[in-house]
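First the structure, in the form of structure tokens, and then the observations on it.
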Amino acid sequence: MRRRTLALATASGAALLAAAALPATAQPAAPRATPGAGLQEGSVSAADLLAKLKGCSQLSNGKYRTDEETSATVPVCGKNGAVFWKADMDVDCDGQTTSKCNADTDPWYQDDTAFHQSNGKPLNAEKLPYVVVPSSSGIWDYASAGIKGGGVVAVIYNNQVEYAVVGDTGPDKIIGEASYAAAKGLGINPDPENGGADSGVTYVVFKNSKASPIESHADAVSRGDALAKKFLQDN
């Protein structure tokens with residue numbers, strides 16, 4: 001679990017970032033790339049999702065910082081079937097030790113994640129797109145909102161949609177973090193020390209959802225596409 005005591009270096013460039021579960025036997029939706037639009041996983045566009053996320057019905061009892069040196073400006077907002085926030089993206093490399101994620105590449109590296117694979121091992125940040133949620137506190141308790149390890153998340157950035165899972169927990173006053181693989185998939189510099197995105201990333205976490213197994217990105221995409229369609233219908 002991330003417990004950073006140093007501020008992340010500022011990333012260059014501007015950024016934008018239930019539900020009924022599908023049967024385990026459902027075929028995963030293939031990632032689709034729209035010409036000129038970058039990554040789009042599933043059939044629901046970034047524009048359609050963002051159109052439903054205007055305004056904020058605040059769920060959190062306060063707001064979060066995006067980094068240690070910033071002021072608290074980010075609320076957690078509620079919609080039918082989901083919660084969401086709009087923040088930056090710091091890069092989490094915690095979990096299994098790999099060539100891209102280790103103590104040499106990441107000054108804050110930890111060899112564990114809050115939630116584990118089906119075989120009991122930590123998640124693999126280099127391969128699996130996952131999102132970090134703030135540890136439970138007086139500001140917000142993610143579990144009380146129907147969010148759990150393996151919960152399906154739509155991450156929206158620069159008119160792109162990527163599906164991820166809730167994979168780790170972080171500081172209880174900071175929000176806006178995702179794995180090396182999540183950043184890389186969206187075209188964000190995935191370097192855990194100097195990468196990330198300064199702002200503009202939207203995280204939509206679908207309530208009471210769970211990829212099975214947690215380490216299957218294909219399952220997260222399949223479930224995410226169905227949940228996103230339902231989200232559009234219900235909001």
Side-chain angles (χ1 to χ4, degrees), residues 1-4 7-8 15-19 44 46 48-92 94 113-115 129-157 161-179 182-183 186 188 196-211 220 223-224 227-228 230-232 234-235:
M1 291 177 283
R2 179 74 71 189
R3 289 294 183 272
R4 291 190 173 180
L8 282 175
L16 175 69
L17 182 188
V44 178
D48 286 343
L49 285 170
L50 290 172
K52 300 292 186 178
L53 303 176
K54 296 176 180 178
C56 175
S57 176
Q58 187 168 329
L59 295 180
S60 55
N61 295 320
K63 296 181 180 180
Y64 289 95
R65 302 173 183 177
T66 56
D67 290 298
E68 287 189 349
E69 72 275 13
T70 62
S71 56
T73 60
V74 180
V76 174
C77 310
K79 297 290 285 187
N80 289 332
V83 304
F84 73 94
W85 55 88
K86 299 180 180 182
D88 65 344
M89 182 184 285
D90 297 332
V91 178
D92 189 351
D94 291 346
T113 49
F115 308 107
Y130 71 71
V131 166
V132 181
V133 295
S135 296
S136 298
S137 70
I139 300 176
W140 183 56
D141 175 12
Y142 64 87
S144 69
I147 308 304
K148 63 187 77 175
V152 180
V153 188
V155 186
I156 305 166
Y157 168 78
V161 179
E162 178 180 44
Y163 290 104
V165 295
V166 174
D168 204 359
T169 58
D172 60 9
K173 294 181 175 62
I174 295 176
I175 204 166
E177 190 173 4
S179 68
L186 290 167
I188 295 170
D198 287 337
S199 63
V201 184
T202 300
Y203 304 83
V204 184
V205 188
F206 298 105
K207 297 178 180 179
N208 302 310
S209 64
K210 189 172 183 179
R223 294 176 191 271
L227 289 162
K230 189 173 190 309
F231 177 79
L232 296 185
D234 293 347
N235 289 278

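Nothing fancy with the numbering, it's 1 onward along the sequence. When reading the values below, keep in mind they use all heavy atoms of this one structure, side chains included, and skip hydrogens, waters and symmetry mates.
Thr169 places no side-chain N or O within 3.5 Å of a backbone atom of Pro134 that could act as its donor or acceptor partner. Under a 3.5 Å cut-off, the side chain of Ser209 and the backbone N or O of Val152 do form a donor-acceptor pair. Without hydrogens or angle criteria, Asp67 side chain to Glu69 main chain gives no donor-acceptor distance under 3.5 Å. Within the 3.5 Å criterion, the main-chain N or O of Gly138 finds a donor-acceptor partner in the side chain of Asn61. Using a distance-only test at 3.5 Å, with no hydrogens or angles considered, a donor-acceptor pair links the side chain of Asp168 to the main chain of Ala114. Ser179 places a side-chain N or O within 3.5 Å of a backbone atom of Tyr130 that can act as its donor or acceptor partner.
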Check the pair Tyr64, Trp140 against side chain to side chain contact (heavy atoms under 4.5 Å, CB included), reporting the backbone distance first and the verdict last. CA-CA 10 Å; Tyr64 289 95; Trp140 183 56; 3.2 Å; yes

Evaluate the side chain to side chain contact (heavy atoms under 4.5 Å, CB included) criterion for residues Val166 and Lys148: first the C-alpha distance (whole Å), next the side-chain angles of each, then the deciding distance (0.1 Å), finally the verdict. CA-CA 7 Å; Val166 174; Lys148 63 187 77 175; over 6 Å; no

Residue pair Val83, Leu59: steps toward the side chain to side chain contact (heavy atoms under 4.5 Å, CB included) verdict: CA-CA 8 Å; Val83 304; Leu59 295 180; 3.4 Å; yes

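At least one side-chain heavy atom of Tyr203 sits less than 4.5 Å from a side-chain heavy atom of Met89. With contacts defined as side-chain heavy-atom distances shorter than 4.5 Å, the pair Val205/Phe84 does not qualify. Side-chain contact check for Lys173 versus Ile139: some heavy-atom pair is nearer than 4.5 Å. Residues Leu53 and Phe231 have side chains in contact (heavy-atom distance under 4.5 Å, counting atoms from C-beta outward). Within the 4.5 Å cutoff, no side-chain heavy atoms of Leu49 are placed close to those of Val204. Between Asn235 and Asn80 there is a side-chain heavy-atom pair separated by less than 4.5 Å. Taking the side chain as every heavy atom from C-beta outward, Val153 and Tyr163 never approach each other to under 4.5 Å. Taking the side chain as every heavy atom from C-beta outward, Lys52 and Leu232 approach each other to under 4.5 Å.
With 3.5 Å as the limit, one finds no donor-acceptor pair spanning the side chains of Asp172 and Ser135.
A salt bridge links Lys230 with Asp234: the closest approach of a Lys/Arg side-chain nitrogen to an acidic carboxylate oxygen falls below 4.0 angstrom.
For the pair Pro129 and Glu162, the tightest heavy-atom approach, listed with the atom from each and the gap, is CG-OE2, 3.8 Å. Closest non-hydrogen pair, Ala220 versus Ala164, comes out as CB-O, 4.3 Å.
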